[in-house]
Amino acid sequence: MLSFIRNVNGKPETREAQFAHAEFLGRADFRGSVFSEHADFKYTTFEAGAEFDNVEFKGGATFYSSKFLTHTSFDRVKFHGSVTFALTTFTERVDFSGATFETLANFPECEFLTDSHFFGARFKHYASFASCLFGGKVDYTLAKFDGHADFSRTRFEDTATLRSVTFRSRANFDTADFAGDVDLSSIFNDEAYFVSARFGGEVSLEGSLFRHNLHLVGAEFVASSTLGPFMCAGSIKLSGAKFSSPVTIMASTYRVEAQRTRWGSTASLRLRNAQVNLSGAVFEFPFTILTEHDNFSLPDGRSLPDVSSSSGSRVAVESIRGVDAAHLLLSDVDLSRCLFAGTVHLDQVRLEGDCRFDTAPDGLYWHKGRPTRFTPRHVLAEEHSWRASRASTIRGWNFAVLGTGRNGPAQLAPVYRALRKSYEDNKNEPGAADFYYGEMEMRRHATATPRAERYLLTSYWALSGYGLRALRATIWLIAAMSTTLLSLMLWGLPMDDPKQTSSGKITGVHVRLTTDTPDPVNPKGPPLERLTSERFEKSLRVVVNSVIFRSSGQDLTTAGTYLEMLSRLSEPILLGFAVLAIRGRVKR
């Protein structure tokens with residue numbers, strides 16, 4: 001039974017509307033009508049189209065499994081009660097522009113075979129478009145979803161425009177299939193899920209704001225895309241995602257989780273503030289991570305909001321374990337907490353700009369009753385963790401990095417070696433010096449290193465810091481020269497310089513002369529009396545000539561002769577260490 005009355009606005013009003021299984025052969029025109037109670041249109045067929053513009057459904061409506069065979073319009077319609085369009089088919093264009101859904105809006109498994117428009121629509125409660133088919137273009141520009149928006153398992157066969165849409169609650173596009181281009185430049189105030197979604201066309205996130213996490217776990221990007229610039233106040237979760245074409249991601253975010261991602265073409269991550277985890281990622285072509293120091297700008301000149309109010313913007317890479325780094329380039333990133341052990345072809349990684357590593361503890365520490373100081377150098381996070389875990393460690397190594405496992409010197413020495421080679425191949429010899437130091441340190445501490453070799457490395461470290469600490473080698477050289485100088489003054493120089501004597505013998509007309517030089521006489525008397533300026537000058541001449549492998553010609557006692565031999569063996573080596581260390585810091 002269908003009855004009409006006039007409401008206060010003069011619009012036709014129905015109290016009961018039962019159109020279940022009805023078939024409208026002509027065009028159904030309900031424009032401006034008011035349905036005071038529930039309207040039932042399930043299994044209804046509209047063969048010539050339907051007009052529901054400005055209709056008000058006060059009691060809700062059911063269009064379950066209905067069919068709209070020509071153009072249908074629901075412009076500015078208001079649904080005060082729940083409405084369901086489940087399993088409904090729209091053969092021609094359908095328009096819900098400006099529609100308002102006060103409660104449940106249920107569109108699961110609908111088929112929109114041509115274009116559909118939800119421009120400016122308002123969904124104030126749960127809205128479900130799960131498992132829908134959008135065969136034509138779909139436009140949600142300026143739409144607002146106050147409740148949970150569910151587009152899971154939905155297929156978009158043509159362009160999908162969700163520009164300037166506001167999602168106040170969770171947006172779910174899990175396993176959605178975007179066959180064409182999609183514009184997602186919108187505001188997501190809650191979690192945004194695109195888990196296992198497929199993007200067959202270009203994806204636009206320009207100016208998007210994600211107030212929480214962006215879930216792209218297992219998503220597939222087929223076409224070339226420039227994602228961003230956009231802001232994500234939480235994490236961008238890309239684990240297991242696959243990129244088949246060139247892609248550029250520009251984002252200001254706190255974290256990017258890209259474990260086990262697969263990049264089948266060139267890719268670039270231009271980020272601000274983010275911590276990036278690339279464990280197990282696969283790079284088939286050049287892959288770049290760089291810090292964007294300035295705020296991102298949008299095409300209209302506006303500046304994209306930043307996730308951090310501080311002046312810092314540096315990107316921190318947390319891990320590249322399990323990565324083939326042959327195609328990896330890192331520029332202006334923080335590597336102080338990065339895990340490198342287990343990286344393949346690490347010697348081919350390119351580090352450009354200001355890539356920062358952690359450093360050894362600075363300052364003076366007391367260790368086992370003696371003062372200890374570490375010379376400044378680049379240190380890997382794994383070494384920090386290893387030293388911090390040792391019972392006898394110095395407190396300066398004061399943190400342990402999560403995820404380092406049981407990596408010790410034997411595992412870290414090849415890592416330092418690979419990074420050293422990377423710097424050397426890029427003609428950065430001074431930068432490679434610290435990694436050579438780290439490599440030698442790990443060899444010295446590794447239990448697998450033969451004991452004799454460890455003793456040799458310990459001596460090399462103590463004398464010159466593995467040929468890299470010029471000051472240490474110079475101090476040892478000065479100490480050795482001073483010791484030799486003092487020893488020569490006390491015991492090496494004879495009491496007096498021996499004077500040659502000549503004796504002759506005349507036999508007939510023949511004269512025979514013999515010249516002898518007496519053996520040097522060991523000095524006598526109190527030691528302090530031997531410390532004279534004259535003996536100092538002679539000893540200094542012997543010591544200086546010994547450093548450069550020259551003989552001074554000074555007569556010496558037996559002890560002095562051995563002292564000079566020892567000096568000519570050891571002091572040039574120390575001088576060579578000092579020169580080598582200086583050369584390592586200025587070599588190009």
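Keep in mind that what you see is a predicted model, and the values were worked out from it rather than measured. Here, residue 1 is the first one in the sequence, and each next residue gets the next number.
- Aromatic ring pairs are classed by plane angle as parallel below 30°, tilted from 30° to 60° and perpendicular above 60°; the pair F41 and F35 is perpendicular.
- Side-chain rings of Y140 and F151 approach one another, their centers coming within less than 6.0 Å.
- Ring centroids of F357 and H378 are separated by less than 6.0 Å, placing the two rings close together.
- For T253 (side chain) and G234 (main-chain N/O), a donor-acceptor pair under 3.5 Å exists by modelled atom type.
- Legend: residues meeting side chain to side chain contact (heavy atoms under 4.5 Å, CB included) with E284, ordered by chain and number and at least two apart, are R262, V282.
- In this structure a side-chain-to-backbone donor-acceptor pair under 3.5 Å is present from S225 to V203.
- A salt bridge is defined here as a Lys NZ or Arg NE, NH1 or NH2 lying under 4.0 Å from an Asp or Glu carboxylate O, and E191 with R170 fails to meet this definition.
- Between the side chains of H345 and D324, at least one donor N or O sits under 3.5 Å from an acceptor N or O.
- Classified by interplanar angle (parallel below 30°, tilted 30° to 60°, perpendicular above 60°), the ring pair F74/F85 is perpendicular.
- S279 and S319 are linked by a side-chain donor-acceptor pair at a separation below 3.5 angstrom, with hydrogens and angles left out of the test.
- Ring-centre distance between Y193 and H215: below the 6.0 Å cut-off.
- Donor-acceptor pairing under 3.5 Å is recorded for the side chains of R76 and N54.
- In this structure, D53 has no salt bridge (charged side-chain N to carboxylate O under 4.0 Å, His left out) partners at least two apart in sequence or on a different chain.
- Looking at R356 and D354, a side-chain N of the basic residue comes within less than 4.0 Å of a carboxylate O on the acidic one, giving a salt bridge.
- Not a single donor-acceptor pair under 3.5 Å links the side chain of R337 to the backbone N or O of E318.
- With hydrogens and angles disregarded, a donor-acceptor distance shorter than 3.5 Å links the side chain of S208 to the backbone of L205.
- In this structure, F112 and F90 have parallel ring planes: the angle between them is below the 30° cut-off, well short of the 60° mark.
- The pair E102-K78 does not meet the salt-bridge criterion, since no charged nitrogen lies less than 4.0 angstrom from a carboxylate oxygen.
- With respect to the salt-bridge test (charged N to carboxylate O, under 4.0 angstrom), the residues R198 and D177 qualify.
- Donor-acceptor pairing under 3.5 Å is lacking for the side chains of W263 and S265.
- Side-chain atoms of H38 and T62 include a donor-acceptor pair closer than 3.5 Å.
- For the residue pair V315 and L290, the shortest heavy atom distance occurs at CG2-O, 4.1 Å.
- In this model, no donor atom of one side chain and acceptor atom of the other lie less than 3.5 Å apart for E352 and S331.
- Put simply, the side chain of N213 gets close to the backbone of S235: a donor and an acceptor are under 3.5 Å apart.
- Residues F96 and F107 place their aromatic rings such that the two centres sit under 6.0 Å apart.
- A distance-only check finds a donor-acceptor pair linking the side chain of D40 to the backbone of K42 [under 3.5 Å].
- With ring centers used as reference points, F129 lies under 6.0 Å from F118.
- Taking the six-membered ring where the residue is Trp, F52 and F68 present perpendicular rings, their angle passing 60° and hence far from 30°.
- Without hydrogens or angle criteria, S131 side chain to T154 main chain gives no donor-acceptor distance under 3.5 Å.
- In summary, R93 and D95 engage in a salt bridge, as defined by a charged side-chain N under 4.0 Å from a carboxylate O.
- The only member of D294, D306, D332 that meets salt bridge (charged side-chain N to carboxylate O under 4.0 Å, His left out) when paired with R272 is D306.
- S82 contributes no side-chain N or O that, together with a main-chain N or O of G60, makes up a donor-acceptor pair within less than 3.5 Å.
- Under a cut-off of 6.0 angstrom, the local environment of NE2 in H80 is crowded, with over 12 non-hydrogen atoms contributed by other residues, nucleotides or ligands.
- Below 30°, between 30° and 60°, or above 60°: for F30 and F24 the angle between ring planes is above 60°, a perpendicular geometry.
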